[in-house]
*Asks:* 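My questions all concern the structure below.
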Amino acid sequence: TILVYVLVYTPLKPLTSFNTLVGAVVGALPPLIGWVAASDGISSGGWILAGILFIWQIPHFLALAWMYRDDYERGGFKMLPTIDASGELTARVSVMTSLCLIPLALLMTVIGETGILFAVAGSTLGAFMTIKSITFWRKRDDASAKRLFFASIIYLPLIIVVMLIDRETIQWIEIGTSNV
């Protein structure tokens with residue numbers, strides 16, 4: 001993770017707006033590493049968790065980059081909002097990636113890593129991010145970008161807490177049914 005951050009992500013910042021995608025990979029790796037350490041192996045649940053973190057970072061950082069696009073441009077960083085003056089592409093990417101959070105949450109339940117609580121809460125939180133992204137797409141101003149950014153800050157700890165609570169509930173149910 002550190003090597004990708006230092007050797008790939010950082011040098012890409014002044015070269016291409018794709019640096020955000022590489023940065024999202026860097027941000028998705030620690031949860032995957034944690035999953036592997038906790039479960040003693042790699043599994044679909046770890047990949048989906050990494051996918052959620054990867055996807056979440058895109059609207060999160062695009063909103064931040066929109067609000068500070070002038071600063072990024074002065075600093076010589078090629079963030080998408082610095083090359084997308086109207087914000088149309090920036091906002092559309094935010095909407096598309098926010099929408100992806102919904103099926104990723106559902107997929108965690110489909111594979112049995114979480115239960116119905118996570119499916120409902122994860123879908124609701126993904127819809128919340130999507131609504132904020134759509135608002136940003138329609139207005140493309142700093143205020144709507146700020147609301148999307150704060151929505152992303154709310155989304156991440158809530159989705160993790162709900163996942164932990166739901167997984168704990170599933171484990172208790174499994175323990176209870178195995179003792180019957």
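This chain uses plain numbering: 1 for the first residue, then up along the sequence.
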*Asks:* Is it true that, when you exclude I2 itself, more than 12 heavy atoms of the residues, nucleotides or ligands shown sit nearer than 6.0 Å to its CD1?
*Replies:*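 Counting neighbours around CD1 of I2, 12 or fewer heavy atoms of other residues, nucleotides or ligands fall under 6.0 Å, so no.
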*Asks:* Would you give the length of the straight line joining atom CG of L62 to atom CZ of F136, rounded to the nearest 0.5 angstrom?
*Replies:*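 Interatomic distance, L62 CG to F136 CZ, rounded to 0.5 Å: 7.5 Å.
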*Asks:* Run through the side-chain heavy atoms of Ile, Leu, Val, Met, Phe, Trp and Tyr, join any pair under 4.5 Å, and report what else lands in I116's cluster.
*Replies:*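 So far as hydrophobic clustering goes, I116 is joined with V120.
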*Asks:* Roughly how far, to the nearest 0.5 Å, is the OG1 atom of T82 from the CH2 atom of W66?
*Replies:*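 Answer for the CH2-OG1 pair, W66 versus T82, is 10.5 Å.
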*Asks:* Of all heavy-atom pairs between G27 and P30, which one has the smallest distance, and what is that distance?
*Replies:*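 Looks like O-CD, 3.6 Å.
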*Asks:* Would I48 and L101 show up in the same hydrophobic cluster when neighbours are defined by side-chain heavy atoms closer than 4.5 Å?
*Replies:*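 As far as the 4.5 Å side-chain criterion goes, L101 and I48 are connected within one cluster.
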*Asks:* Using 0.5 Å steps for rounding, measure from the CG atom of L99 to the OG atom of S94.
*Replies:*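 So the CG of L99 and the OG of S94 are separated by 11.0 Å.
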*Asks:* Less than 4.0 Å between a side-chain N and a carboxylate O, is that true for R69 and E73?
*Replies:*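 Looking at E73 and R69, the cut-off is not met.
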*Asks:* Could you tell me whether K78 atom NZ has more than 12 heavy atoms of other residues or ligands within 6.0 Å of it?
*Replies:*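 For K78, atom NZ is not crowded (no more than 12 foreign heavy atoms under 6.0 Å).
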*Asks:* Working to the nearest 0.5 angstrom, can you tell me the gap between I165 CD1 and F118 CZ?
*Replies:*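 Nearest 0.5 Å value for the CD1-CZ distance: 11.5 Å.
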*Asks:* Please report the shortest heavy-atom distance between R140 and S86, naming the atom on each side.
*Replies:*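 Looks like NE-O, 2.8 Å.
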*Asks:* Please give me the minimum heavy-atom distance between T97 and V93, naming the atom from each residue.
*Replies:*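 Closest pair (atom of T97, atom of V93, distance): OG1-O, 2.7 Å.
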*Asks:* Could you measure the distance from the CH2 atom of W56 to the CG atom of L104? Nearest 0.5 Å is fine.
*Replies:*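 The distance works out to 14.5 Å.
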*Asks:* If hydrophobic clusters are built by linking Ile, Leu, Val, Met, Phe, Trp and Tyr wherever their side-chain heavy atoms come under 4.5 Å apart, do M79 and L89 end up in the same one?
*Replies:*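 No, no single cluster joins them.
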*Asks:* Can you get from L12 to L3 by hopping between Ile, Leu, Val, Met, Phe, Trp and Tyr side chains that sit under 4.5 Å apart?
*Replies:*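 Same hydrophobic cluster.
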*Asks:* Would you say the side-chain atoms of T109 pair up with the backbone N or O of G115, donor to acceptor, closer than 3.5 Å?
*Replies:*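 Pair found, side chain donor or acceptor close to backbone of G115.
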*Asks:* Are E88 and W137 close enough, and set up right, to give a side-chain contact (heavy atoms from CB on, under 4.5 Å), and what steps lead you there?
*Replies:* CA-CA 7 Å; E88 177 72 21; W137 177 42; 3.0 Å; yes
*Asks:* Would you mind listing every side chain to side chain donor-acceptor pair (under 3.5 Å) that reaches into residues 38-53, with sequence neighbours excluded?
*Replies:*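 Output for this query lists W35-S43.
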*Asks:* Please confirm whether the backbone N or O of L53 pairs with a side-chain atom of Q57, one donor and one acceptor, at under 3.5 Å?
*Replies:*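 Here the side-chain-to-backbone pair exists.
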*Asks:* Could you tell me which non-hydrogen atom of T114 sits nearest to which non-hydrogen atom of M163, and how far apart they are?
*Replies:*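 Where T114 meets M163 most closely, the heavy atoms are CG2-CG, 3.9 Å.
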*Asks:* Strictly distance-based, threshold 3.5 Å: is any side-chain N or O of R138 a donor or acceptor partner for the main-chain N or O of T135?
*Replies:*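 Checked: no pair found.
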*Asks:* Looking at Y5, I want to see if its OH is surrounded by more than 12 non-hydrogen atoms of other residues, nucleotides or ligands under 6.0 Å.
*Replies:*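 Open: at most 12 neighbouring heavy atoms sit under 6.0 Å from OH of Y5.
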*Asks:* Passes side-chain contact (heavy atoms from CB on, under 4.5 Å), L49 versus L32? Steps please.
*Replies:* CA-CA 7 Å; L49 177 61; L32 180 59; over 6 Å; no
*Asks:* Return the CZ to OG distance between R92 and S133, rounded to the nearest 0.5 Å.
*Replies:*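 The distance works out to 13.5 Å.
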*Asks:* Please list every donor-acceptor pair under 3.5 Å in which a side-chain atom of residues 146-157 meets a protein atom from a residue at least two apart or in another chain.
*Replies:*
unit_1, atom_1, unit_2, atom_2, d
S152, OG, H60, ND1, 2.6
S152, OG, F149, O, 2.5

*Asks:* Determine whether a donor-acceptor pair (N or O, by modelled atom type, separation under 3.5 Å) exists between the side chain of N19 and the backbone of Y9.
*Replies:*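 Checking the backbone N and O of Y9 against the side chain of N19, no donor-acceptor pair under 3.5 Å is found.
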*Asks:* Is there a path of hydrophobic side-chain contacts, each under 4.5 Å between heavy atoms of I/L/V/M/F/W/Y residues, joining F128 to L106?
*Replies:*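 As far as the 4.5 Å side-chain criterion goes, F128 and L106 are not connected within one cluster.
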*Asks:* State, with a plain yes or no, whether a side-chain heavy atom of I102 is found less than 4.5 Å away from one of T130.
*Replies:*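 Touching, per the 4.5 Å side-chain cut-off.
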*Asks:* Looking only at atom types and distance, does a side-chain atom of S98 sit under 3.5 Å from a main-chain N or O of V95, one as donor and one as acceptor?
*Replies:*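 No; zero donor-acceptor contacts below 3.5 Å.
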*Asks:* If Ile, Leu, Val, Met, Phe, Trp and Tyr residues are connected whenever their side-chain heavy atoms lie under 4.5 Å apart, and connections chain through other members, are M129 and I58 in the same group?
*Replies:*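 As far as the 4.5 Å side-chain criterion goes, I58 and M129 are connected within one cluster.
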*Asks:* Under the side-chain contact (heavy atoms from CB on, under 4.5 Å) rule, what do T20 and L80 come out as? Steps first, then yes or no, please.
*Replies:* CA-CA 8 Å; T20 304; L80 185 55; 5.9 Å; no
*Asks:* Where is the tightest heavy-atom contact between G122 and I159, given as atom of each residue plus distance?
*Replies:*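 Closest heavy-atom pair between G122 and I159: CA-CD1, 3.5 Å.
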